[in-house]
Amino acid sequence: MAKCEVKFDNNPSGIYSTGQTVSGQVELTIPKVKTVKVVTLNIVGYAKCLWEEPELRVRSYGYNSRIYKGREDYLSFSMNLVEPEKEEKTVDLAPGTHFYTFTYDLPDDIPTSFEGTNGYIRYYVIIVFERPWKFDQKFKTSFTVLKQVDLTIDANILSLPSQGAVDQNLSFGPFKNGPVSIIGNTPQTGYVSGQTVTVNAEIENASTAKLNEIRFYLQQIVRYTSLKPKVKTKEKAVTVAEARVACLDQVQQTKKFVQYLQIPPLPPTCTSLSKVITISYEVRVEARVSGLYRNPNVQIPITLGSVPLNNVCSIPNSSISMVESTVNPDDEPRDERDIPPPSYEECAFGAAQLRDDEDDENTVMSCRNYAPRYPVYNCRE
């Protein structure tokens, strides 16, 4: 069986910012003469989402499952690596190793790579052997695309505190209790992976119920939008950091809290570049109430970027487990503040299985599982 390896130029991990040039070399190893119609290199990028929901039957009891799915394409580039002469229909590849080079300029307006529970945004280099009288053979290699979100562009807004408040009357059926109020804020709105979010909260319990615990969450809010059989949105809140503290010892009491949430490697906020998947972030403060009452909570929106607001980033600490920057330094976005470049870490949620419904037994993956890498700064508050 033929072997294929894609090697990116000066970028072994295959991490690119939008607008950069993807270049590299394809190495084909052929053990014996191989007859093909053509060998093509394709660079593709797309978002997909998929989920199912129960649907009530109209004329009979019970439920059916309805599948919702969506797809949006961002890249579609193709070039021939091997092709026959004009009057020939096939070409014979001689045994041995063959080398081919490629370059492709990424657009500026495509979303960051992402892996989620109900969908993903992926980018591939795919080598296709079109064979006479046989199924096509494919070799797929993933790479990471990063849409830079520079917080300094909107520094006048993102450097301001973000806050939220709720005043909830506790009740259960006809039984009424007093209100529980939560006021929460963060000292700024814009952050990058590696920073710590300081969360301030003031809890006032004017009810007779006891508050057992206060929970602080950093959550990634992913919205998946199907296009078939109809447009529908599914929202998924994923907790990426959490802290808990014991709450008020007595009822009818007010208390202030300060907690810190470390931001792991995550994709930047992206709410406009994809019709299928959008990503946003919030801090949530929740009071856990004794009994059967609904727990009051408040959401504090934040923006996650890839370039920090100010000089909170120092030289990477050797005690922190990070990989070195694998982006070509000549291509890395410049920062006049001379902030040390970030390292690139695998997504906080780990690697996902790459094989999907478009792949079959004739598709060879460069790796079975893949995790996008995101910029992480070593920050001081």
Please tell me whether M79 and V6 are part of a single hydrophobic cluster in this structure, the criterion being side-chain heavy atoms less than 4.5 Å apart.
yes

Could you please spell out the steps behind the side-chain contact (heavy atoms from CB on, under 4.5 Å) verdict for I43 and Y124?
CA-CA 6 Å; I43 297 179; Y124 294 106; over 6 Å; no

Identify whether L273 and I121 are in the same connected component of the hydrophobic contact network (ILVMFWY, side-chain heavy atoms under 4.5 Å).
no

Give the minimum heavy-atom separation between N295 and A287, together with the two atoms involved.
CB-O, 3.2 Å

Separation between OG1 (T112) and CD1 (I279), nearest 0.5 Å, reads 7.5 Å

P187 to T198 - nearest heavy-atom pair and separation
CD-O, 3.1 Å

Flag side-chain contact, heavy atom, 4.5 Å: Q148 against S306:
yes

For a 4.5 angstrom cut-off between non-hydrogen side-chain atoms, does L170 reach V180?
yes

Would a single hydrophobic cluster contain both V245 and V283, if residues Ile, Leu, Val, Met, Phe, Trp and Tyr are joined by side-chain heavy-atom contacts under 4.5 Å?
yes

Show, in sequence, the C-alpha distance, side-chain angles and deciding distance for V298 and I183, and conclude whether the side-chain contact (heavy atoms from CB on, under 4.5 Å) test is met.
CA-CA 8 Å; V298 64; I183 301 174; over 6 Å; no

Would you give the length of the straight line joining atom OG1 of T303 to atom CD of Q188, rounded to the nearest 0.5 angstrom?
10.5 Å

Can you sort out the partners of I67 under side chain to side chain contact (heavy atoms under 4.5 Å, CB included), two or more places apart, ordered by chain and number?
L50, E52

Here the pair of heavy atoms bringing P308 nearest to T152 is O-CG2, 3.3 Å

Tell me which one of T40, V128, N42, I127 satisfies side chain to side chain contact (heavy atoms under 4.5 Å, CB included) with K138.
V128

Using a 3.5 Å cut-off and no angle test, enumerate the donor-acceptor pairs between side-chain atoms of residues 219-227 and protein atoms at least two apart in sequence or in another chain.
residue	atom	partner	partner atom	Å
Q219	OE1	R284	NE	3.3
Q219	NE2	T239	OG1	3.2
Q220	NE2	Y281	OH	3.1
R223	NE	E235	OE1	2.9
R223	NH1	S280	OG	3.3
R223	NH2	E235	OE1	3.1
Y224	OH	T117	N	3.3
Y224	OH	N118	N	3.4
T225	OG1	T233	OG1	3.4
S226	OG	K230	O	2.8
S226	OG	K232	N	3.1
S226	OG	K232	O	3.3

side-chain contact (heavy atoms from CB on, under 4.5 Å) assessment of V38 paired with V82
CA-CA 5 Å; V38 67; V82 178; 5.9 Å; no

Could you walk me through whether E204 and K255 pass the salt bridge (charged side-chain N to carboxylate O under 4.0 Å, His left out) check?
CA-CA 7 Å; E204 181 182 358; K255 194 172 182 179; over 6 Å; no

Can you pull out every ring-ring contact (aromatic ring centres under 6.0 Å, His included) where at least one residue sits in residues 345-365? Sequence neighbours excluded, please.
none

Taking every heavy atom of K37 against every heavy atom of P132, the minimum-distance pair comes out as CE-CA, 3.9 Å

Of all heavy-atom pairs linking P301 and T189, the shortest is O-CG2, 4.0 Å

For residues 17-55, pull every pair meeting ring-ring contact (aromatic ring centres under 6.0 Å, His included), keeping only residues two or more places apart or in separate chains.
W51-Y68

Side-chain touch V26/L81, heavy atoms, less than 4.5 angstrom
yes

When you compare the side chain of V44 with that of I126, does any pair of heavy atoms fall below 4.5 Å?
yes

CG of N11 to OG of S23: how many Å apart, nearest 0.5 Å?
8.5 Å

Tell me if a side-chain donor or acceptor on S274 pairs with a main-chain N or O of V276 at a distance below 3.5 Å.
yes

Over all heavy atoms of both residues, which pair between S142 and F8 is shortest? Give the atoms and the distance, please.
O-CE1, 4.2 Å

Can you label the angle between the F129 ring and the F139 ring as parallel, tilted or perpendicular, going by 30° and 60°?
perpendicular

Enumerate the residue pairs fulfilling salt bridge (Lys or Arg N to Asp or Glu O under 4.0 Å) with a member in residues 300-309, sequence neighbours excluded, ordered by first and then second residue.
none

Polar contact flag, side-chain donor to acceptor under 3.5 angstrom, Q299-N297:
yes

Report the C-alpha separation of L146 and T18 in whole Å, then their side-chain angles, then the decisive distance to 0.1 Å, and conclude whether the side-chain contact (heavy atoms from CB on, under 4.5 Å) test is met.
CA-CA 6 Å; L146 299 172; T18 58; over 6 Å; no

Any side-chain donor paired with an acceptor under 3.5 Å for S171 and N169?
no

Which residue pairs satisfy the salt bridge (Lys or Arg N to Asp or Glu O under 4.0 Å) criterion with at least one member in residues 66-76, sequence neighbours excluded?
E55-R66, R71-D73, R71-E358

Non-neighbouring partners of A155 that pass side chain to side chain contact (heavy atoms under 4.5 Å, CB included), sequence neighbours left out:
L309

Verify the cluster assignment for V166 and V289: are they in a single hydrophobic cluster under the rule of side-chain heavy atoms below 4.5 Å apart?
yes

Are the side chains of I203 and I214 in touch, meaning some heavy atoms are under 4.5 Å apart?
yes

Pairs in or reaching into residues 18-34: which pass salt bridge (Lys or Arg N to Asp or Glu O under 4.0 Å), with residues at least two apart or in two chains?
K7-E27

Verdict with supporting geometry, E286 and R288, salt bridge (charged side-chain N to carboxylate O under 4.0 Å, His left out):
CA-CA 6 Å; E286 180 183 67; R288 308 288 288 189; 3.0 Å; yes

Report, one line per pair, each donor and acceptor closer than 3.5 Å where one atom sits in a side chain of residues 262-271; sequence neighbours left out.
residue	atom	partner	partner atom	Å
Q262	OE1	T196	OG1	2.8
Q262	NE2	G194	O	2.9
T269	OG1	L304	N	2.9

Pair listing, ring-ring contact (aromatic ring centres under 6.0 Å, His included) test, anchored in residues 285-306, at least two apart:
none

R122 to Y120, cation-pi by 6.0 Å centre distance and 45° axis angle:
yes

Do you reckon V199 sits in the same ILVMFWY cluster as Y217, going by side-chain contacts under 4.5 Å, direct or chained?
no

Say whether, by atom type as modelled, one donor and one acceptor occur between the side chain of E83 and the main chain of N80 under 3.5 angstrom.
no

Can you list the other members of the hydrophobic cluster that holds Y260, where links are side-chain heavy atoms under 4.5 angstrom apart?
V258

Could you pull out all donor-acceptor pairs under 3.5 Å where a side-chain atom in residues 88-109 meets a protein atom, sequence neighbours excluded?
residue	atom	partner	partner atom	Å
D92	OD1	T35	OG1	2.7
H98	NE2	A94	O	2.8
D105	OD1	T21	OG1	2.5

Verify ring-ring contact (aromatic ring centres under 6.0 Å, His included) between Y16 and Y123, making sure each step is shown before the conclusion.
CA-CA 11 Å; Y16 294 93; Y123 297 91; over 10 Å; no

With rounding to the nearest 0.5 Å, note down the distance linking CG in L151 to OG in S159.
10.0 Å

